[in-house]
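A short write-up of the structure that comes next.
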Amino acid sequence: MRDVAIIGFAQTPHVRRQPHLNEVEMLMPVLEEVRAAAKVTKDDIGFTVSGSTDYLAGVGFSFVMTLDGVGPWPPIQESHVEMDGAFALYEAWVKLQLGDVDCALIYGYGKSSPGPIHEVMSRQLDPYNVAPLWPDQISLAAMQARVGLEGKAFTEEQMAEVASRSRRNALDNPNAQLRWDRSVEEILAEEPIVDPLRRSDCPPISDGAAAVIIAAGDVARDHCERPAWIRGIDHRIDPMALGLRDLGESPSARLAGEKAGVGAGGFDIAELHAPFTHQELILRAALGLGDEVAVNPSGGALAANPVMATGLVRFGEAAQRIIDGTAGRAVAHCTSGPCLQQNLVAVLEGEN
Amino acid sequence: MTEILLPARLQDVEAVRSVRTPASIQYSYTPGQASSRYLKGIAQRKIIGARVEPGAKVYVPPRGADPQLGKPTTEQVEVGDRGTLVSFCVVNVSFHGGTQEIPYTTGNILLDGSDQPIMHLIQECPVDQVRIGMRLEAVWVDDADLGPTMESIRWFRPLDEPDLDVHIPGEDRPLWLDSEEFNQ
Amino acid sequence: MGHERVAIVGLGQTKHAPTRGDVSMAGLVREAASRALADAQMTWQDIDAVVVGKAPDFFEGVMMPELFLADALGAVGKPLFRVHTAGSVGGSTAIVASQLVAAGIHERVLTVAFEKQSESNAMWALSMPIPFQPPLHAGAGGYFAPHIRSYMRRSKAPDHIGILVALKDRLNALKNPYAHLHNHETTFDSIKDSIMLWDPIRFDETCPSSDGAFAIVFGSEKVGDEAAAQGRAPAWIHGTSMRSEPTMSADRDTVLPLGGALCAKDVYRQAGITDPRRQVDCAEIYVPFSWFEPMWMENLLFAEPGDGWRMTEDGATALDGDLPVNMSGGVLSTNPIGASGMIRFGEAAMQVRGQAGEHQVDGARLAVGHAYGGGSQFFAMWVVGSEKP
């Protein structure tokens, strides 16, 4: 495979509601910032690809207007996935493997504030048998947490520890939305909102955007002192129906991790896309990450959850720590679908 | 295709051909800065376009970005409520919520001072007299009904002015013939 | 790194219809995919990855429906990917899927594009008002009709050209058992006398709204060679290209867009085509309104600017012409929106594999597939051939 690295990352501050800017206005500063971070101009970018979803925006073809922010003139090579921006990064990585293009811009964005997010996300479920019941994400996640707790895969204390650490880590992240310092005991004292989940186990509702620039070989080296090389990347999916899988584990995450080369270990950090606390625990087990790996130093999805960009932010946060020299080797992860149905895993590494 | 065997007691039951699942979701949209300024202008009978900087293209209605430059259109420019018809279509079919009498005309209208045509209704003109190049003016609703909505302009109607010679980009010569990307 | 050769070893489509009430969404995609797998003499287990394409999710009322279709698509434990690039999506999905093989990542990739427009109200989904934008007042036809009028003005084309295109495509569809429209009574006069919906577009010059799916199995060079050795000649990809431009920008030509011409130039360069009119044997291009045939003939560099309509008038684009276009009946006869681009790409491959049945072009060796979307701003093309590139 051709050597490809992340050489720049930018994101908005993530907020509960961005009432002043539409999607393209929210995105444009991020695009400008990421080009500056990667020291590239519009003309250096050979391929552009984005991830977003019409259901969040409440508008068909919503990505079309956002494309204006790129300034696609003269016409550009461009694509869009109805997936998290991290999957757009996967498409860009494939494109760079072909060798015709050396540098790609990836962005993902989502405003969860226009619609009722839990009702919107329920439209993702089996339209014949499940969606008519309008089950919300928190209830589905709670069922998953229950399976894990009763199966002794993890404990409520461990979940509270994830909640506490994530928001404490977020104190150092100026773009995070939920930042606080509370002890495990304080969290365990909360009443569950959807038993066994407490409010602290759940992600915030966020508006936000992120962008990443990747480049191949010497182009990456020319633009970045310490590129975050993508050593392996793979994604896999489980069936959606909750009755068809053991919710206490994530076979697709495990398989994607194996294919991406997570087994070699040696990680300093992992940025895992786990909107609910127990999902981090399931993912750690699936990816074989021990206590020596610092998980979600950014605060993760529990600190900011701009749907359709949350996964791309994980890739950017992991890469940024390699670029700035604070990490040598990292796992970046993105999930999609209810209860960790689909998982994308990458191994990122700096050159010594 | 695999043959599916139903238990005997279900074999005479009529198959379910479809399920109705009404789904209604309410969204509250954010117009954004550019559209906000534009809509505020409309409420005052003003059409306010936007551009990146002096000399850049003027976009109406502004959507926030100059799509050629990929930069925010932060500068406001008031354009005219008169313009020239660039192209049009005569509609003979009724659309959802459409209250116009059939046939009616919709046009791409290049407002004076703008670089991007807008689409709107053309009325007060027999459909067979609508032509490319004709001059048009906005017909606003009464002051009492003005609001920050496109419906504050009821339609456009002909002006008693000579037609203008309008040309859209590429009309005289395809853009690719002079494009650097095409010729390299 | 670099481009590995990519073979098209399996092609399958559904019967397209206004309502496929006999199948669920899962049944629809499986109908196309099962046929493509059977054509490739493969089973679901042989597939390494699945790539799904479709247009806006509001068409079916399901957000990211590939997720609930994962098991129906045989994708469990595999990579499943979803592309959405507006109307060009069927084409761009095929390209994204083929690149997984071209880049050497997978050996056998299944791609499926579908739309089940009857599940919701397609006209509603297409003309949902964009907040704070002036309303279109008249759906997609109302958007494109002024472009067509501009084309007629600049090319001075006579107004019966659109009728000729519609007549040709509807008659071609009679030779395609999978086509949605099989209107045996269609004549020049019946089209001419059909209601003028969006002047200058008549009802019979517009596409229908269909339920349907198309699937393609891609294989590596090794997989393609094995198929050939067993007497199942693959189609080989000679070039793929995509281009995008803004919907509304001041210097853009919405009639013959720059992006379309750049896309064509790029794909011909990859395929070694210097004279497309002579070298290409046939083309399946995205013509949702009849007048787009002459427009695209110019934009895809088959005709000199202003002369595209002459190809239609001279019969060059007819099934027995020198450059047959939309032999399958085209989008004018079958339009499950998200699948329409892949149908174009797939029908082009069927031609060079000699499997197009009654609408086969004799001796087709090099064919073009084309799709476009949005406000004539997203373009996807490929060139496929019977020989290896």
Side-chain angles (χ1 to χ4, degrees), chain B residues 1 17-18 21 23 27 29-32 35-36 38-39 57-59 61 63 65-68 86-93 95-98 100 103-108 114-121 127 132 148-151 153 168-177 179 181-182, chain C residues 19 21-22 27 30-31 34 61 118-121 123-124 127 129 131-139 141-150 153-154 195-201 203 245-258 260-262 264-266 298-299 301 305-306:
Chain B
M1 289 286 155
R17 286 281 174 190
S18 71
T21 309
Y27 291 88
Y29 299 106
T30 301
S35 290
S36 278
Y38 171 73
L39 292 168
K57 303 288 182 186
V58 175
Y59 284 91
R63 307 204 294 178
D66 179 317
Q68 295 182 191
V86 172
S87 194
F88 65 97
C89 147
V90 180
V91 183
N92 288 296
V93 61
F95 274 83
H96 60 97
Q100 293 82 30
Y104 61 93
T105 309
T106 68
N108 289 345
S114 166
D115 290 299
Q116 172 70 41
I118 64 164
M119 217 174 197
H120 216 298
L121 287 172
V127 292
I132 291 174
T149 161
M150 284 308 291
E151 283 154 4
I153 297 176
I168 63 169
E171 186 162 0
D172 303 317
R173 183 176 159 81
L175 297 181
W176 62 82
L177 293 179
S179 147
E181 292 75 24
F182 188 84
Chain C
T19 302
D22 57 326
R30 282 183 73 88
E31 186 174 310
S34 305
S118 67
E119 301 271 316
S120 118
N121 182 335
M123 189 64 93
W124 166 79
S127 51
F132 315 112
Q133 301 295 316
L136 283 182
H137 295 298
Y143 180 81
F144 287 113
H147 299 178
I148 290 169
R149 189 177 299 279
S150 294
R153 183 171 111 119
R154 75 168 72 168
I195 179 174
M196 190 64 96
L197 282 184
W198 299 280
D199 196 343
I201 306 175
F203 176 76
E245 62 183 63
T247 321
M248 292 190 262
S249 74
D251 291 330
R252 175 170 123 79
D253 179 4
T254 49
V255 180
L256 303 178
L258 178 56
L262 291 178
K265 170 97 187 234
D266 183 32
E298 297 175 27
N299 197 227
L301 314 172

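Just so it is clear, the values below take in all heavy atoms, side chains as well, and ignore hydrogens, waters and symmetry mates. Per chain, numbering begins at 1; letters A, B, ... match sequence-line order.
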Could you pull out all residues at least two apart from C:D266 that satisfy salt bridge (Lys or Arg N to Asp or Glu O under 4.0 Å)? C:R243, C:R269
Does CZ belonging to C:F203 count more than 12 external heavy atoms closer than 6.0 Å? no
Name the member of C:G306, C:P257, C:G260, C:P246 that forms the most heavy-atom pairs with chain B at distances under 4.5 Å. C:P246
If we ignore hydrogens and angles and just use 3.5 Å, is the side chain of B:D115 paired with the main-chain N or O of C:A250 as donor and acceptor? no
Worked verdict on B:L175 versus C:D253 for side chain to side chain contact (heavy atoms under 4.5 Å, CB included): CA-CA 7 Å; B:L175 297 181; C:D253 179 4; 3.8 Å; yes
CD1 (B:I168) and CG (C:D251) are apart, to the nearest 0.5 Å, by 12.0 Å
Rounded to the nearest 0.5 Å, what separates atom CG in C:L256 from atom CD in B:E171? 10.0 Å
Side chain from CB out, backbone as N, CA, C, O: work out which of these in C:I148 comes under 4.5 Å of a heavy atom of chain B, or both, or neither. neither
Evaluate B:D172 against C:R154 for side chain to side chain contact (heavy atoms under 4.5 Å, CB included), listing each step before the verdict. CA-CA 7 Å; B:D172 303 317; C:R154 75 168 72 168; over 6 Å; no
Max heavy-atom pairs within cutoff under 4.5 Å with chain B, candidates C:R252, C:M196, C:R153, goes to C:R153
So, for B:S87 and C:R149, which heavy atoms are closest and what is the spacing to 0.1 Å? OG-CB, 3.6 Å
Over all atoms of both residues, closest heavy-atom pair of C:W198 and B:C89: CB-SG, 3.6 Å
Nearest 0.5 Å, what's the CG-OH distance between B:N108 and C:Y143? 8.0 Å
Per-residue tally against chain C (heavy atom, under 4.5 Å) across B:G170, B:P169, B:S114 peaks at B:P169
Find the one option among C:T247, C:L197, C:T254, C:L262 whose heavy-atom pairs under 4.5 Å with chain B are most numerous. C:L197
In this structure, CD of B:Q68 is separated from CD of C:E245 (nearest 0.5 Å) by 9.5 Å
Less than 4.5 Å to any heavy atom of chain B: does that hold for the side chain of C:I195, its backbone, both, or neither? side chain
Tell me, for B:F88 versus chain C, whether the close heavy atoms (under 4.5 Å) come from the side chain, the backbone, both or neither. both
C:P146 and B:M119: which non-hydrogen atoms are nearest, and at how many Å? CG-CE, 4.1 Å
Take C:L258 and B:S179 through the test side chain to side chain contact (heavy atoms under 4.5 Å, CB included) and record every step on the way to the result. CA-CA 8 Å; C:L258 178 56; B:S179 147; 3.8 Å; yes
Considering only heavy atoms, which portion of B:Q116 lies under 4.5 Å from any heavy atom of chain C: side chain, backbone, both, or neither? side chain
Measure the CG-OG distance between B:D66 and C:S249 for me, rounded to the nearest 0.5 Å. 8.0 Å
Assess whether side chain to side chain contact (heavy atoms under 4.5 Å, CB included) is satisfied between B:W176 and C:L301, documenting all intermediate values. CA-CA 10 Å; B:W176 62 82; C:L301 314 172; 3.7 Å; yes
Indicate yes or no: does C:K265 engage B:E181 in a salt bridge with an N to O separation below 4.0 Å. no
